[in-house]
Amino acid sequence: MQQVSETARDPAPSRLSYRMQRWMLTPGVRMMLRIGIPIAVVFAVTTGFLASEQRREALNQFVAEIRSGVQDRPEFMVSLMAIDGANINLAEDIREVLPLDFPVSSFDLELEQIRGIVAGLDPVKKASVRIRPGGILQIDVIERLPVVVWRDRRGVVLLDETGAYVDEIPSRTERVDLPLIAGHGADKHVPEALALIAASGPLSDRVRGLVRIGERRWDVVLDRSQRILLPADKPVRALEHVIALSQAQDMLKRDLAVVDMRIAARPTIRMSSEAVKDWWQIRELNGSGQ
Amino acid sequence: MTDLYQSQRAMRQMRHQAMQRGVVAILDVGSSKIACLVLRFDGTGRLSEDNSIGSLAGQSGFRVVGAATTRSRGVKFGEVSAMQETERAIRTALQAAQKMAEIRVDHVIACFSGANPRSYGLNAQIELEGQVVTENEISRVLAACDVPDYGAGREVLHAQPVNFALDHRSGLADPRGQLGQSLSVDMHMLTVDGDAIQNLAYCIKRCDLELAGIASSSYVTGISSLVEDEQELGAACIDLGGGSTGISIFMKKHMIYTDSVRMGGDHITADISKGLGVPMTNAERFKTFYGGVHATGMDDREMIDIGGDTGDWEHDRRTVSRAELIGIMRPRVEEILEEVRARLDAAGFEHLPSQQIVLTGGGSQIQGLDALASRILGQQVRLGRPLRVHGLPQAATGPGFAGAVGLCLFAANPQDEWWDFEIPVDRYPARSFKRAVKWFRDNW
């Protein structure tokens, strides 16, 4: 009945456990256990997993599958394209120029790139592209409106108010409603041409067109082969001057070939050869008569 | 003298390091229990301007974050008697305290009660070189104290200047900057057996700890148990420990005398064990539950089962009355107190202006001790408990923890000791010249 008494039990920790506990209480070690070891384990596992080519590929494939699984959901699919604000020809051009085969996932559509392509088309002034609910690729287009017909050696084209190319037409007669300009470099000065055309109001039924001379100044060509030579500087005022003269003295209704306004202070006219002959005859008659 | 300077300064250096790290362990190596507290220093605690202990007793700068006690093994009479056992006990206490604090502690300040403390009063007087008392003059006067021959194998544990006198003005706490002709100092020096310190230091070193300070248990008990006026006017603190009873006399906030009686609570327990024929653990339980020093008529009727493990029915059903237990305890308690009385008389305690006696330590919890003590020691006897310090667990607020709490205060606000002052300048050249000569003689 010999009992082990209370005092025989020594609660002292062993040297090892004492040192271990002190070591575990060291701040650096605690930090390492809390942060360092988890990081090391995660790093080691990741490295070990990715060490094999096969597993890397499988992982990539797995990621790609999940990705496409989400992207190809019907909620994200775009099945048709709607084009607003473009005429039939332009719409066809747009459909032709955009290499899309529907249905396509909206993740694969680069809207900014599509917008750039559409806006790069000549007849398009502005384009906005968005994906409408219901899987529709909506392209809103503002077309360029042709305001003048420009004829030069290469053919007949339509220009808008900024001089940008809109379209090519086979002949001038297709768009007789638009004024005609001609000459090399005329497309770069369309606003000025428009101002001249607007200023030629009283003569508008006689104006055949404007010709750019020497990429420098304008000639107004009227019917009966009459020309008004305008200066490079302030041509609108010169034209208005001519119109005023014409209205006051019916100048342009007379038989003259050229009104030369190139020096604004000294308007000059050139008569046609017939008129000169007539004039000589009249002078002779008058001279003999005096 | 140089060795002492160096070892004590090394410990002081270690304590500065611990303060900078902010964590230090307090280890009270007693004969009955080993208490360990872990202190965290916030660095805000300062002594007030007049160098007195302030309203928070200078303990606002630290906080107890871990506390543990363990039954002491291998310590007898307050000295290490079995190194391995003591080391294991220290390890137990420290591990538990560290676990509670969740901080690793590297520096430890220890106190112990045994090793025959002996007090010496030193004094010295010098003529000032200038008119003004400078640090160097204080160093000189401290160095001028002629150290008594305290015996081989003993070490100085404390050496505190307790009083400065300038010409005929005495009682100066800090004479620096004052004008005068001659400066004299009174110093209290406490020596203990060097082996005891070495053993304790070895045990602590075996626990991978650095010893950052060592103090006498009776001194630190006095710091924590005496209130301010008692320390100022003169009082004795009796620390009734397990293996020894420490006596410290305080005057003008300085300890002026220390002694110890190599008897304590363990002897009372041993008496009970022998007298009743029971194991020491049972005797300890009877002492704490039923013990006392004044028997009344009621105690004759209160029977205690003292039992036994022999299997013999008669032997295992023994009972004693409480009066018998008290009858065993009282002579031993009286013997201890009379021994204390003798020591106090030898120290000239009756000449102090106030003769307050404070009983503390685990042994002071014996019922009726204050009445018995006032018959032996004088009328002004009270039971003391240690000060409250921040974060101290309720379990560690009893009188048995007076030493540990006092050591906390000692760690937070150490008193200037001899070795805190610089070695006087005029000593350097002679010594270094002597060393140079010795080096020459050894090498050529």
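Quick note on labels: first sequence line is chain A, next is B, and so on, each numbered from 1.
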Find the one option among Arg104(B), Gln98(B), Glu102(B) whose heavy-atom pairs under 4.5 Å with chain A are most numerous.
Arg104(B)
Just to be sure I understand the criterion: a residue of residues 21-28 of chain B counts if one of its heavy atoms is under 4.5 Å from a heavy atom of chain A. Which ones qualify?
none
Counting only heavy atoms closer than 4.5 Å, note whether Ser17(A) contacts chain B via side chain, backbone, both or neither.
both
Would Arg130(A) and Gln138(A) count as having a side-chain donor-acceptor pair, cut-off 3.5 Å?
no
Between Thr70(B), Ile90(B), Val105(B), which has the largest tally of heavy atom pairs under 4.5 Å with chain A?
Val105(B)
N-O pairing of Arg262(B) and Glu79(B) below 4.0 Å
yes
Quick one: which of Val149(A), Val147(A), Val148(A) gives a side-chain contact (heavy atoms from CB on, under 4.5 Å) with Leu158(A)?
Val149(A)
Across all chains, not counting sequence neighbours, the side-chain contact (heavy atoms from CB on, under 4.5 Å) partners of Ser68(A) are Asp72(A)
Contact list for residues 273-287 of chain B, test salt bridge (charged side-chain N to carboxylate O under 4.0 Å, His left out), sequence neighbours left out
Glu284(B)-Lys287(B)
The criterion is side-chain contact (heavy atoms from CB on, under 4.5 Å); which residues satisfy it with Ser113(B), sequence neighbours excluded?
Ser217(B), Ser244(B)
Any chance you could measure Glu87(B), atom CD, to Arg206(B), atom CZ, to the nearest 0.5 Å?
4.0 Å
